[in-house]
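Convention: sequence-line order gives letters A, B, ...; per-chain numbering from 1. Predicted model, so just to flag it, every value in this text is computed and none were measured.
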2 protein chains.
Amino acid sequence: MYAAGMTELEKGPLGRRRGRGARERILGASQQLFREQGINSTGMDQLCAVAQVSKRTAYQHFAGKDELVAEYLRRFDPEVMPTVFDRADLTPRERLLAAFEMPASTPLCPYIGAAVELHDPEHPASRYAREYKTSIAARLTGAAREAGATDPEQLGEQLALLIDGASARTRVLNRESWSTAKAIAVVLIDSALPASSAR
Amino acid sequence: MYAAGMTELEKGPLGRRRGRGARERILGASQQLFREQGINSTGMDQLCAVAQVSKRTAYQHFAGKDELVAEYLRRFDPEVMPTVFDRADLTPRERLLAAFEMPASTPLCPYIGAAVELHDPEHPASRYAREYKTSIAARLTGAAREAGATDPEQLGEQLALLIDGASARTRVLNRESWSTAKAIAVVLIDSALPASSAR
DNA sequence: ATCGCCCGGTACCGATCGGTGTACTTAGCT
DNA sequence: AGCTAAGTACACCGATCGGTACCGGGCGAT
């Protein structure tokens with residue numbers, strides 16, 4: 001496994017002091033550049049320049065670009081999705097629909113982009129993309145269960161597919177498709193809920 | 001416009017004789033390699049080697065890789081989609097559902113792949129991908145209208161989104177998602193048809 | 001036979017890629 | 001202070017990219 005935990009503080013156990021946060025700047029530049037211009041189109045030289053970090057330093061923090069890409073995906077964790085499932089002020093049904101409220105700030109879910117660009121299912125980043133997408137479906141399934149769906153697993157998988165569809169279609173057409181996805185979600189949810197716990 | 005017409009015969013009008021079909025071999029190798037290993041991961045050297053064509057010849061038929069990629073997309077036209085809409089033996093409803101019968105031979109619709117890999121909305125291939133995706137939605141809308149949908153445009157766009165979702169999700173998860181997409185399509189169609197021309 | 005057109009082979013170009021080596025400067029703790 | 005780890009600057013490596021120049025051969029039409 002990778003050292004996913006050391007986000008911004010030192011390692012802790014040993015009294016390891018911490019130099020000026022180069023690692024954080026690298027990850028920050030990754031978030032910006034990989035999303036804006038893709039993974040393969042972003043060279044390490046440019047990335048290090050943006051991060052204001054020596055190339056040497058970058059390769060002391062990450063074994064290679066592959067590992068950096070994987071860590072970039074692990075750090076992404078869109079600010080939207082996680083919070084959606086914790087909002088207690090929403091009904092289960094509203095929580096399911098909230099996943100489709102994309103503020104157009106998300107051009108393309110980077111997990112799809114990484115899987116397509118890297119083109120290797122065994123690449124660390126591809127593995128994590130799979131893992132993450134599965135976890136999203138699981139969370140949707142959980143919310144569907146709370147909402148009282150007759151087949152929560154099916155509804156969760158269906159909603160996950162809608163999210164990916166809107167993401168891919170938005171990218172290809174250069175035009176947002178989240179409203180369409182949400183309209184479908186409404187139909188699916190209404191037809192999957194026994195009309196009892198509709199609200 | 002490009003000379004999309006000269007598939008295997010000579011130009012005709014002038015008595016231009018025809019060399020051994022180098023162009024066709026190049027396009028054939030493109031179909032194979034671009035789909036199997038992606039666009040950016042396929043070098044022109046490898047492509048020419050597979051096509052058994054000199055590199056010099058390749059660049060006499062195509063101004064550059066970009067143009068070759070665009071032509072590759074134009075030639076793709078999956079054998080599945082076009083035929084689906086012409087099958088007179090199916091009811092309109094069955095025709096709408098037939099679009100989701102993917103024989104697992106389609107790993108990822110190459111239009112999505114191209115748009116993600118090339119990462120430039122103005123790239124000729126990206127333009128054509130947009131164009132093609134729009135035409136698929138239009139054809140679905142047409143079929144939806146024949147089926148008597150209350151809002152054919154909406155249903156067509158929704159079904160198109162399902163196709164893209166299944167395609168993207170299949171790629172990321174390395175596991176087919178067409179059955180899920182079809183299940184959603186059934187719900188959408190049944191809810192969009194006034195139950196009169198259900199069959 | 002001879003001419004001209006495709007075509008294949010191959011070496012090559014400049015640019016860029018991911019990644020490294022070396023020597024120097026900084027920052028933080030004791 | 002003084003030690004040490006972290007970071008910087010910069011040159012450099014081999015590989016590969018898309019694309020081109022040049023040369024020699026095969027084949028169809030005249």
Please enumerate all protein N or O atoms sitting under 3.5 Å from an N or O of nucleotides 15-22 of chain C, with distances to 0.1 Å.
unit_1 : atom_1 : unit_2 : atom_2 : d
C/dG18 : OP1    : A/K65  : NZ     : 2.4
C/dG18 : OP2    : A/M44  : N      : 2.8
C/dG19 : OP2    : A/Y59  : OH     : 3.0
C/dG19 : OP2    : A/K65  : N      : 2.7
C/dG19 : N7     : A/K55  : NZ     : 2.7
C/dG19 : O6     : A/K55  : NZ     : 2.5
C/dG21 : N7     : A/R56  : NE     : 3.0

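The residue B/Q52 sits close only to the backbone: its heavy atoms come under 4.0 Å of sugar-phosphate atoms, none of a base.
Note on ring orientation: taking the six-membered ring where Trp is involved, the planes of B/Y132 and B/Y111 are parallel (angle under 30°, cut-offs 30° and 60°).
Considering only heavy atoms from C-beta on, B/T141 stays 4.5 Å or farther from B/L155 through its side chain. By the 4.5 Å heavy-atom criterion applied to side chains, B/R145 and B/E153 are counted as neighbours. Using a 4.5 Å cut-off on side-chain heavy atoms (C-beta onward), A/D164 and B/D164 make no contact. Taking the side chain as every heavy atom from C-beta outward, B/V187 and A/Q158 never approach each other to under 4.5 Å.
Computed from coordinates, the A/R23 CZ to D/dT8 P distance equals 15 Å when rounded to whole Å. Taking atom CG of residue B/L47 and atom P of nucleotide D/dG19, one finds them 12 Å apart after rounding to whole Å.
Taking side-chain N and O atoms only, B/H61 has no distance below 4.0 Å to OP1 or OP2 of C/dC6. At least one side-chain nitrogen or oxygen of A/T57 sits closer than 4.0 Å to the OP1 or OP2 atom of D/dT8.
Within a heavy-atom distance below 4.0 Å of DNA chain D, no residue of residues 112-123 of chain A is found.
Residue B/S54 places a side-chain atom within donor-acceptor reach of the base of C/dG9, judged by atom type and a 3.5 Å distance cut-off alone.
A/E24 has a carboxylate O that lies under 4.0 Å from a charged side-chain N of A/R75, or vice versa, which qualifies the two as a salt bridge. Of the charged side-chain nitrogens involved, none lies within less than 4.0 Å of a carboxylate oxygen, so that A/R127 and A/E131 do not count as a salt-bridged pair. Between A/R169 and B/E157, at least one side-chain N (NZ, or NE/NH1/NH2) sits under 4.0 Å from a carboxylate O, which counts as a salt bridge.
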